[in-house]
Amino acid sequence: MTINHHPPEDLLADFAAGRLDEADRLVIGVHAAQCPNCQRFIAAIEQLAGAALEQAAPVAMADDAFATIMAAIDEPKTASTPAPTSSQPVPLLDDDLPEMLRRCRFAKSRRVAPGVKMQPIVLPGADKSRAFLLWSAPGTRMLEHSHTGTELTLVLKGSFSHQGGEYRPGDFDFGDGEVDHQPLVGSDMPCLCLVAMSGDLQMHGWLGRLISPFVRL
Amino acid sequence: MEWAELIGRVAAHGDRGAFKLLFEHFAPRVKGFLVKTGMSADAAEEIAQMTLLTVWRKAAQFDPASAGAAAWIFTIARNLRIDSARAAARRAKAAVNAERDETPEVALSPETMMSRSDDVSRVSAAIQQLSDEQSTVIRMSFIEEHPHGEIAERLGIPLGTVKSRIRLAMARLKDLLDD
Ligand SMILES: [Zn+2]
């Protein structure tokens with residue numbers, strides 16, 4: 001797989017530092033899992049973070065901290081982590097998903113517009129953003145839109161294109177309030193994307209204004 | 001004594017003496033690091049303890065060839081901090097919305113694993129090629145989470161220089177690491 005579009009470096013650095021909201025972290029994580037370039041970048045930030053940890057001014061631990069840890073070590077380990085469920089309670093828009101997504105919980109998929117379906121990912125810790133799968137029929141022209149927040153998109157299958165170029169599996173597209181784009185889905189096959197979105201989507205044009213109350217992404 | 005060697009001794013024979021040395025060095029630094037990034041002392045104490053407990057439990061997973069001991073311990077503390085924020089968010093949601101109180105466990109920790117050893121050497125080589133100035137601004141901005149204005153004040157440079165230095169440092173790092 002040749003990946004031509006990567007997340008901006010500051011998002012990769014925030015990912016490495018552990019500062020991203022859960023939905024954004026998921027999209028960057030799924031991209032990085034298939035992208036050696038971004039893996040190296042994240043590893044470099046982690047190395048710098050390790051150096052910062054070495055140089056951090058120590059703050060004394062509680063008097064009983066070491067004893068508390070040793071007691072926990074000697075306690076028989078409780079099997080607290082439940083095995084990830086392999087079967088999804090709801091049918092998926094696509095059964096062939098990357099490993100990291102297969103471990104997620106999904107809500108029911110729903111139709112958002114002609115030729116467009118979405119399936120939310122249940123992320124209890126997500127704060128400002130939400131994540132979902134977006135399925136579009138071949139040749140779909142998405143409505144021209146912009147956002148009040150950010151939109152992180154990772155192509156899983158198929159392709160789309162807009163002013164920024166063509167986006168194929170593994171490619172990452174970043175949109176923020178500045179961007180006003182109208183992606184066109186490739187005509188040969190459906191396009192499946194993983195999307196993390198914060199803020200509201202704003203539709204343009206008379207059709208967009210007409211249907212936007214129904215497009216609840 | 002190398003930290004990596006001590007972790008190896010914990011992994012190989014549950015060496016408590018080696019573990020005590022790791023605790024004495026890293027626990028107060030993890031706590032100090034977390035406090036510096038805005039966490040309360042109590043919360044930082046708890047995460048620092050859990051971090052060292054995880055070092056003991058996962059010592060066998062540490063690969064000295066891929067990550068330095070400090071970077072590995074940083075990722076453990078980072079993941080624990082993410083987990084604790086997630087658990088808090090879940091509790092808050094459950095309190096607001098009683099019928100959603102059955103909250104599914106999302107087994108999600110998108111850590112990346114570099115599999116090839118030439119990746120590892122490229123990463124170390126790239127970091128060494130950054131200037132001190134460049135690694136300092138990356139550290140202050142992304143890792144220690146200082147606002148740009150504060151970085152400008154500490155380094156005694158204009159705000160615009162901080163922003164461009166960060167941008168250049170990130171671009172250089174990316175250049176060094178891209179295929
Ligand atoms: Zn990438």
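Letters A, B, ... are given to chains in the order of the sequence lines, protein chains preceding strands, and every chain is numbered from 1.
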Nearest 0.5 Å please: distance from the CG atom of B:L177 over to the CD atom of A:E9.
->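 Output value for this atom pair is 10.5 Å.
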For A:I45, is it the side chain, the backbone, both, or neither that has a heavy atom closer than 4.5 Å to a heavy atom of chain B?
->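 Answer is both: backbone and side chain atoms of A:I45 are under 4.5 Å from chain B.
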Please state whether the side chain, the backbone, both or neither of A:A44 comes within less than 4.5 Å of a heavy atom of chain B.
->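 It is both, since atoms from each part get that close.
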Name the option with the most non-hydrogen atom pairs under 4.5 Å to chain A; the candidates are B:R16, B:E144, B:E24.
->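 Sorted descending by pairs with chain A, the first entry is B:R16.
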Contact winner vs chain A - B:H25, B:R167, B:M140, heavy-atom pairs under 4.5 Å =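 Answer, by heavy-atom pair count under 4.5 Å with chain A: B:H25.
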Side chains of [X] and [Y]: closer than 4.5 Å at any heavy-atom pair?
X: A:R25; Y: B:I82; answer: yes
X: A:E54; Y: B:W3; answer: yes
X: B:W56; Y: A:I69; answer: no

Which pairs pass side-chain hydrogen bond (donor to acceptor under 3.5 Å, both in side chains) with one or both residues in residues 41-50 of chain B, sequence neighbours excluded?
->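 side-chain hydrogen bond (donor to acceptor under 3.5 Å, both in side chains) check on residues 41-50 of chain B returns B:K31-B:E45, B:E45-B:Q49.
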Quick check: does any side chain N or O of A:N37 sit under 3.5 Å from a backbone N or O of B:D179, one acting as donor and the other as acceptor?
->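 Confirmed, A:N37 side chain pairs with B:D179 backbone.
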Of all the residues in residues 131-139 of chain B, which have a heavy atom that comes within less than 4.5 Å of a heavy atom in chain A?
->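 Expected list: B:S135, B:I138, B:R139.
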Look at A:T68, A:I121, A:D10 and state which one has the largest set of heavy-atom pairs under 4.5 Å with chain B.
->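 Most pairs with chain B among the choices: A:D10.
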